[in-house]
Amino acid sequence: MIKITLPDGSVREVETGTTAAQIAADIGPGLAKAALAVRIDGEVRDIMRPLDVDTELALITSRDEEEALELARHDFAHVLAEAVQKLHPGTQITFGPSTDDGFYYDFAPAGDPFTDDDLPKIEEEMRRIIKADKPLRREVWERNDLIALWEKDGEKFKAEWAAELPEGDEISVYWSGDDWMDMCRGPHLPSTGKLDPQAFQLTRVSGAYWRGDQRNPQLSRIYGTGWLNKKQLKAHLVRLEEAAKRDHRKLGQEMDLFHFQPEAQGSVFWHSQGYIMWRELEAYMRRKLDGADYKEVKTPQIMDARQWEASGHWGKYRENMFVVPDEVPSVDDDAPVISADADMMALKPMNCPAHVLIFRQGIKSYRDLPMRMAEFGCCHRNEPHGALHGLLRVRQFTQDDAHIFCREDQIVDEVRHFCDLLDRVYKDLGFESYAIKLALRPEQRFGTDEMWDKAEQNLRDAVHEAGRAGEEYQWEELSGEGAFYSPKLEFHLTDAIGRTWQCGTIQLDYVLPERLDASYIGEDGARHRPVMLHRAILGTFERFLGIMIEHHAGRMPTWLAPTQAVVATIVTDANEYAEKVTEQLKAAGIRVEADLRNEKINYKVREHSLAKVPNILVVGMREAEEGKVALRKLGQKEQLFLTVDEAVTMLKGEALAPDLKEA
RNA sequence: GCUGCUGUAGCUCAGUGGUAGAGCGCGUCAUUGGUAAUGACGAGGUCGGGAGUUCAAUUCUCCCUAGCAGCACCA
């Protein structure tokens, strides 16, 4: 007999080997039907697994949404694999985990990879398997027997995986009915019928490398989204539609902000409307940096390759750099334009080496530290084609970059101040919440372990001292994610629809000052190495503006809106008055347009609303006679009936950047 | 870079082995209207580029190129 403690504190004595399913049935038939799995001493397990020791036990039902979703998605993945092997014999199975919104499974097809056209049939087969309500039964195998089985079945990937588990290990497999099985740690639902056949959808196919490594064979991955019921699935699909509506690439075109074209793939053509946003954001950042005692510099776009060799970037990132021959191109039509032995230069992929070169000019004293050197640095990186993505991943970009040269004992203060500055900026820009992570040393790196110990600890200390190492900031440490020369703090902000974006970073670097020989004279009269903090708040203007556009769904706050107001007339007799109003707003610094076209007011309101102009000032004869305007805010139906002076004052206030509003 | 899909008018997209169509936008004219589409007429395309198959290719095949979704990469 064993003792089972239930969540309400009650204790039941049952036979050894009793299953949680039996206990659920004992409690009541409703629970028996609803029970999906069981939590035993904190671990989620199958409901059919026999219990053999005294335990605390909690039954999981669909009300425990997080666990239930995880179970369902994992099971959907298995059902997907079963369906694919049924329809496409000879397909090898590999892995199929759950994801944030569903599941996927990676296959090695016998012939061509799967295409979208294969999905409907597979979905149909999955529904058949679910409706058949096949029991999912756990079984424990001896490792070598299982390897032999996989090899016999031609499942090379499964055999390889099993062979890497420790010799003599017992491995669990799950049977779906009696005719299909997969190696899996579990847990699983008691049967396929616990899944809702209307709560999933196969969404796409893609390639994926075996075990995530580019050198391995490429598998064919099928993605699905999976939920507990049809309603959840539908809500998810609506969310996807919402996200698609605010796609910055779509809005960029609709709002005439920027475009891309093949002649400069991956680089942005900013249109005047979009560039206004950039200029406002840049002006804001410049004020913040000036206020925080940064010194702005501007450094060369192209430098000798030797400089990149010295910094270490040439060796590690050359394939992503734009190389420029330091040579006069041949004018001879028959000769190659560039000779084979031309000296090489490269477009800068980052600003740090140039900043070190400025630092090295003249002799620096400890009194000069900390030295905060900022640059809105335009960089180029030859990103792989498949990586390019609208404004979010481009080949030419401008960072809000800065490097702080300081003594070791100044690090914590500097990092703390940076955290405060970044906090202010994110809040000003409309992002209320963000997460902080510490990315630790990667496998391939420069510098000694001692350096890394120090660097990591300093960053950790600074975040703690800044009081930001808590739950509110989802503080965590990520192993292996650091840059090759330094650990970094990462700042991930959360947008209006809950997505997260890594933007800010600060990296504590002992390596570059050493490699590029930066030094200062200390109080003791001797030369010392400064440390270097690489930091950015926005990351890049391109990417950040992309995120801002999506965050606001194109409805930018007035200070960033390309056109802040439109004065729209109802009749041509009001044109003269409308122009006068427009002039007054312009004189107050508002970006305003007059819309005097011979169109109905409905049409004008609709058009400017779709263009996401935050203020529409409607004027007809009534307003002209009374010296007023009818102000309609974007997205609102009501209008304010104001005098021109009132409207000017109001819009002037709204058009101020957040840092200027406080003053 | 890898896998799959896509590329037709400024935009969104139909369509076809016999060199093309819609809506919006644009232009002209009429209309002077009170808060999310006034009407009529008109102009716009070597159907991403190259090669092949064919009497004939925007349509079928191959290559290239760009975009999209993933993967890998992201100093």
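We name chains A, B, ... by the order of the sequence lines, and we start the count at 1 in each one. Reckoned from all heavy atoms, side chains included, excluding hydrogens, waters and symmetry mates.
Counting only heavy atoms from C-beta on, Pro349(A) has its side chain closest to rA75(B) among rU32(B), rA36(B), rA75(B). Residue Ala387(A) places its side chain closer to rC73(B) than to any other of rU38(B), rU35(B), rC73(B). Closest to the side chain of Glu599(A), out of rA36(B), rU38(B), rA66(B), is rU38(B). Closest approach to the Thr115(A) side chain among rA36(B), rC5(B), rC73(B) is made by rC5(B) (side chain taken as heavy atoms from C-beta onward). Among the nucleotides rA36(B), rG33(B), rA75(B), the one closest to the side chain of Arg381(A) is rA75(B). Listed nucleotides: rU38(B), rU35(B), rG70(B). Nearest to the side chain of Ile601(A): rU35(B).
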Worked check of ring pair (Phe, Tyr, Trp, His ring centres under 6.0 Å) between His236(A) and Phe200(A): CA-CA 10 Å; His236(A) 174 68; Phe200(A) 80 97; over 10 Å; no
Derivation of the salt bridge (Lys or Arg N to Asp or Glu O under 4.0 Å) call for Arg535(A) and Glu414(A): CA-CA 11 Å; Arg535(A) 42 111 295 162; Glu414(A) 285 302 314; over 6 Å; no
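Below the 3.5 angstrom threshold, one finds a donor paired with an acceptor across the side chain of Arg393(A) and the base of rC74(B). For rG70(B), the base has no donor-acceptor partner in the side chain of Tyr209(A) [N/O atoms by modelled type, under 3.5 angstrom]. Put simply, the side chain of Thr572(A) and the base of rU32(B) share a donor and an acceptor less than 3.5 Å apart. Residue side chain Arg221(A) does not reach the base of rA69(B) through any donor-acceptor N/O pair under 3.5 Å, judged by distance alone. Judged by distance alone, with hydrogens and angles left aside, Glu623(A) brings a side-chain donor or acceptor within reach of the base of rG34(B), the pair sitting under 3.5 Å.
Comparing rC71(B) with rA14(B), their C1' atoms sit 33 Å apart, to the nearest whole Å. To the nearest whole angstrom, the two C1' atoms, one in rC11(B) and one in rC26(B), are 11 Å apart. Nucleotides rC13(B) and rG17(B) have their C1' atoms positioned 23 Å apart, rounded to a whole Å. Comparing the P positions of rU38(B) and rA51(B) gives a spacing of 48 Å, expressed to the nearest Å. A distance of about 40 Å separates the C1' atoms of rA75(B) and rU12(B), rounded to the whole Å. The P atoms of rG10(B) and rG48(B) are separated by 13 Å, rounded to the nearest whole Å. One P atom belongs to rC60(B), the other to rU8(B), and the distance between them is 15 Å to the nearest Å. rC24(B) and rC62(B) have their P atoms separated by 39 Å, given to the nearest Å.
Within the 4.0 Å cut-off from OP1 or OP2 of rA66(B), at least one side-chain nitrogen or oxygen of Gln265(A) is found. Within the 4.0 Å cut-off from OP1 or OP2 of rC74(B), not a single side-chain nitrogen or oxygen of Gln502(A) is found. Not one side-chain nitrogen or oxygen of His608(A) sits closer than 4.0 Å to the OP1 or OP2 atom of rA36(B). Within the structure, every side-chain polar atom (N or O) of Gln214(A) is placed at least 4.0 Å from both OP1 and OP2 of rG1(B). Phosphate proximity of rU32(B) to Arg597(A): absent, as no side-chain N or O sits under 4.0 Å from OP1 or OP2. Between Arg204(A) and rU3(B) there is no side-chain N or O to OP1 or OP2 distance below 4.0 Å. A close approach under 4.0 Å does not occur between any side-chain nitrogen or oxygen of His385(A) and OP1 or OP2 of rU65(B).
Using a 4.0 Å heavy-atom cutoff across all strands shown, Lys488(A) reaches sugar-phosphate atoms only and no base atom. In this structure, Gly212(A) reaches the sugar-phosphate backbone alone: every heavy-atom distance under 4.0 Å involves primed, P, OP1 or OP2 atoms, never a base. Using a 4.0 Å heavy-atom distance criterion, His534(A) is classed as making no nucleic acid contact. Nucleic acid contact class of Pro113(A) (heavy atoms, under 4.0 Å, all strands): sugar-phosphate only. Counting any heavy atom pair closer than 4.0 Å across all strands shown, Tyr485(A) reaches sugar-phosphate atoms only and no base atom. Contacts of Ser609(A) with the nucleic acid, taken as non-hydrogen atoms under 4.0 Å apart, include base atoms. Residue contacts for Tyr223(A): at a heavy-atom cut-off of 4.0 Å it reaches the sugar-phosphate backbone alone, with no base atom in range. At a threshold of 4.0 angstrom between heavy atoms, the contacts of Lys637(A) are confined to the sugar-phosphate backbone, with no base atom among them. Counting any heavy atom pair closer than 4.0 Å across all strands shown, Leu610(A) reaches a base atom. Among the atoms of the strands shown, none is found under 4.0 Å from any heavy atom of Arg215(A). The residue Ala630(A) sits close to a base: some heavy atom pair falls under 4.0 Å.
Atom-to-atom, CD of Gln261(A) to C1' of rG10(B) comes out at 13 Å; the value is rounded to the nearest Å. The nearest whole Å value for the distance from the CG atom in Leu392(A) to the P atom in rC73(B) is 19 Å. If you take CZ of Arg445(A) and C1' of rA75(B), they are 16 Å apart, rounded to a whole angstrom. What separates CD of Glu254(A) from P of rC24(B) is a distance of 17 Å, to the nearest Å.
Using N1 to N3 plus N6-O4 or O6-N4 for Watson-Crick, or N1-O2 and O6-N3 for G-U wobble, each under 3.5 Å, rU28(B) pairs with rA40(B). For rU61(B), the paired nucleotide is rA51(B), the pair qualifying as Watson-Crick or G-U wobble because both relevant distances are below 3.5 Å. Under the Watson-Crick and G-U wobble criteria, each requiring two contacts below 3.5 Å, nucleotide rG34(B) is left unpaired. In this structure, rC71(B) forms a base pair with rG1(B), meeting either the Watson-Crick or the G-U wobble geometry with both donor-acceptor distances under 3.5 Å. Base-pair partner of rG21(B): rC13(B) (Watson-Crick or G-U wobble, both distances under 3.5 Å). Applying the Watson-Crick and G-U wobble criteria (two distances, each under 3.5 Å), rA66(B) pairs with rU6(B).
Within the 6.0 Å centre-distance limit, the rings of Phe484(A) and Phe446(A) are counted as a close aromatic pair. In summary, the aromatic rings of His88(A) and Phe107(A) are positioned with their centroids too far apart to meet the 6.0 Å limit.
rA37(B) has no base stacking with the ring of Tyr603(A) when judged by centroids under 5.5 angstrom apart and an interplanar angle below 30°.
The local environment of CD in Glu593(A) is sparse, with at most 12 non-hydrogen atoms from other residues, nucleotides or ligands closer than 6.0 Å.
A side-chain donor from one of Trp210(A) and Glu160(A) sits under 3.5 Å from a side-chain acceptor of the other.
Residues Tyr105(A) and Ile222(A) fail the side-chain proximity criterion, which asks for heavy atoms closer than 4.5 Å.
When each of Asn320(A) and Gly390(A) is assigned the nucleotide of RNA chain B bearing its nearest heavy atom, the one mapping closer to the 5' terminus is Gly390(A). Residue order along RNA chain B, read from the 5' end via each residue's closest nucleotide, puts Ser220(A) first among Glu607(A) and Ser220(A).
Remark: Arg73(A) fails to qualify as a cation-pi partner of Phe103(A) under the 6.0 Å distance and 45° angle criteria applied to the six-membered ring.
A salt bridge does not link Glu550(A) with Arg246(A): every distance from a Lys NZ or Arg NE/NH1/NH2 to an Asp or Glu carboxylate oxygen is 4.0 Å or more. Note on Arg211(A) versus Asp106(A): no salt bridge recorded, every NZ/NE/NH1/NH2 to OD/OE distance being 4.0 Å or above.
Glycosidic conformation, rG44(B): syn, with the torsion inside 90° of 0.
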